[in-house]
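Worksheet: one structure, shown below.
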Amino acid sequence: MSATDILHLPKQARRWPAPRAALRLIKPVTWFPPMWAYLCGVVSSGAAPTGQWFLVILGVILAGPIVCGMSQAANDWCDRHVDAINEPDRPIPSGLIPGRWGLYIALAMTVLALIAGYQLGPFGFGATILGIAAAWAYSAEPIRAKRSGIWGPALCGLAYETLPWITGAAVVSAGTPSPQVILIAVLYGLGAHGIMTLNDFKAIEGDRQTGLRSLPVTLGPDRAARVACWIMAVPQVFVIGLLAFWDKPFHALGVAAMLAVQLGAMRVLLRDPEGKTPWYQGMGILFYISGMMIAATALRGIGG
């Protein structure tokens, strides 16, 4: 049975989205990484947030529930045929989000993101536009970057980690972040490519049937997992070296300790990539983002 057949199976008629399904559509579990990255940017800037808490709180909400939530709704709408194969109980293929409501929700949140981003000034508004463009470019035709196992995860990693990090630093300091802040933010965004690759493991069958060339599809689960681990680890090695070079040895040791734990978790992951990926996403990624905040704290003394 094809994805199209599944989508057109008879379902209980609905006129309005089920509230719990609408919340599930925007996937609150995915909001944390960009929210954390924005906070890393605030910390790394070295600027005191006193008197700027509105910008900090609004930026966190914008990065997480609004822009990230919008990107999840857009992705679910554009992926409704893939989800009909991988996860037929998802809100759209299950019929809990009927008709074109998935698209309407994504478009409404796009407008909300622009309104909220405008409140953050030129830097925040410009970053919001970039984030929205990245979200739609990832999921929607004709670009649909997620068709590629290289460009799709790269776009996601940079949008989830690098962009909110640089935005947080720029908004609270009211200026362009230092080259050091930008470099560390880019390195962690590149490392997140591996995290996004692991996220593709849950959709291998649907991706294969619909022509999406994710790394688990093109390389197979074992090789894709090894590539993902290398991509996550190598940028952190560069971060450690840079912090040591910038005379932040204790912070470098802190990031190294976080990486050491991840390497131990990666050994477990590689024994059974498909079975252990959910475990690694809950275990290893925690230490990845902990290293981000350690690096952000180091940058305060380097010049944000």
Side-chain angles (χ1 to χ4, degrees), residues 29-46 56 59-60 63-64 68 153-154 156-170 172 177-199 225-270 276-304:
V29 71
T30 66
W31 300 348
F32 181 76
M35 294 166 69
W36 184 258
Y38 186 89
L39 289 174
C40 285
V42 171
V43 171
S44 68
S45 72
V56 174
V60 168
C68 185
C156 262
L158 293 172
Y160 267 55
E161 305 294 357
T162 301
L163 182 60
W165 186 318
I166 293 175
T167 304
V172 297
S178 70
Q180 294 94 332
V181 168
I182 295 174
L183 180 55
I184 295 298
V186 169
L187 285 170
Y188 274 109
L190 293 175
H193 184 296
I195 297 174
M196 300 305 166
T197 295
L198 293 180
N199 194 53
R226 288 196 294 272
V227 169
C229 289
W230 275 105
I231 293 174
M232 288 185 285
V234 170
Q236 294 180 81
V237 172
F238 277 98
V239 170
I240 293 165
L242 287 170
L243 293 179
F245 178 73
W246 292 331
D247 198 27
K248 296 292 180 179
F250 294 110
H251 294 86
L253 285 173
V255 175
M258 297 300 101
L259 177 57
V261 176
Q262 292 171 67
L263 293 175
M266 287 173 186
R267 294 185 62 184
V268 176
L269 169 68
L270 294 176
K276 291 296 184 181
T277 290
W279 171 82
Y280 186 87
Q281 289 176 317
M283 167 69 174
I285 295 173
L286 172 64
F287 293 92
Y288 185 91
I289 64 173
S290 297
M292 288 172 56
M293 187 56 76
I294 293 172
T297 304
L299 290 168
R300 289 182 62 88
I302 296 173

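Bear in mind the structure is a predicted one, so any value in this text is a computation, not a measurement.
Listed here is the closest heavy atom pair of Val239 and Ala295: CG1-CB, 4.2 Å. Residue Trp165 comes nearest to Ala296 through the heavy atom pair CZ2-CB, 3.9 Å, listed as atom of the first residue, atom of the second, then distance. Residues His251 and Ala298 share a closest heavy-atom pair of CG-CB, 3.4 Å. Of all heavy-atom pairs between Ile231 and Gly194, the closest is CG2-N, 3.6 Å. The minimum heavy-atom distance linking Glu161 with Ala192 is given by the pair CG-CB, 3.8 Å. Summarising the geometry of Ala252 relative to Ala244, their closest heavy-atom pair is CB-N, 3.9 Å, with the distance given to 0.1 Å.
Atom CD1 of Ile294 sits about 13.5 Å away from atom NZ of Lys248, to the nearest 0.5 Å. Rounded to the nearest 0.5 Å, atoms CG (Leu259) and CD (Gln236) are 5.0 Å apart. Taking CZ of Phe287 as the start and CE of Met232 as the end, the distance is 14.0 Å to the nearest 0.5 Å. Rounding to the nearest 0.5 angstrom, the gap separating the CG atom in Leu299 from the CD1 atom in Ile182 is 11.0 Å. For the atom pair Leu243 CG and Ile302 CD1, the distance stands at 6.0 Å (nearest 0.5 Å). Distance check, rounded to the nearest 0.5 Å: NE2 of His193 to SG of Cys156 gives 9.5 Å.
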Practice problem: Evaluate the side-chain contact (heavy atoms from CB on, under 4.5 Å) criterion for residues Val186 and Leu190: first the C-alpha distance (whole Å), next the side-chain angles of each, then the deciding distance (0.1 Å), finally the verdict. | Solution: CA-CA 6 Å; Val186 169; Leu190 293 175; 4.0 Å; yes
Exercise. Check step by step if side-chain contact (heavy atoms from CB on, under 4.5 Å) holds for Met283 and Val268.
Key: CA-CA 11 Å; Met283 167 69 174; Val268 176; over 6 Å; no
Exercise. With side-chain contact (heavy atoms from CB on, under 4.5 Å) as the test, would you mind laying out the steps for Val227 and Thr197 before giving the verdict?
Key: CA-CA 9 Å; Val227 169; Thr197 295; over 6 Å; no
Quiz prompt | CA sep, side-chain torsions, deciding dist, call: Ile184, Trp246, side-chain contact (heavy atoms from CB on, under 4.5 Å) | solution = CA-CA 12 Å; Ile184 295 298; Trp246 292 331; 3.9 Å; yes
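Two residues are said to be in side-chain contact when any heavy atoms from C-beta on lie closer than 4.5 Å; Leu39 and Val56 meet this criterion. Using a 4.5 Å heavy-atom threshold, the side chains of Leu187 and Leu242 count as touching. Between Leu269 and Cys229, some side-chain heavy-atom pair lies under the 4.5 Å cut-off. Looking at heavy atoms from C-beta onward, Cys40 lies out of side-chain contact with Val42 at the 4.5 angstrom threshold.
At distances below 3.5 Å, at least one donor-acceptor pair connects side-chain atoms of Trp36 with backbone N or O atoms of Ile289. No donor-acceptor pair closer than 3.5 Å links the side chain of Arg226 to the backbone N or O of Leu270.
More than 12 heavy atoms of other residues, nucleotides or ligands lie within 6.0 Å of CH2 in Trp279, so this atom counts as buried by the packing criterion.
Considering Tyr160, Tyr188, Tyr280 in turn, Tyr188 is the only one that fulfils the ring pair (Phe, Tyr, Trp, His ring centres under 6.0 Å) rule with Tyr288.
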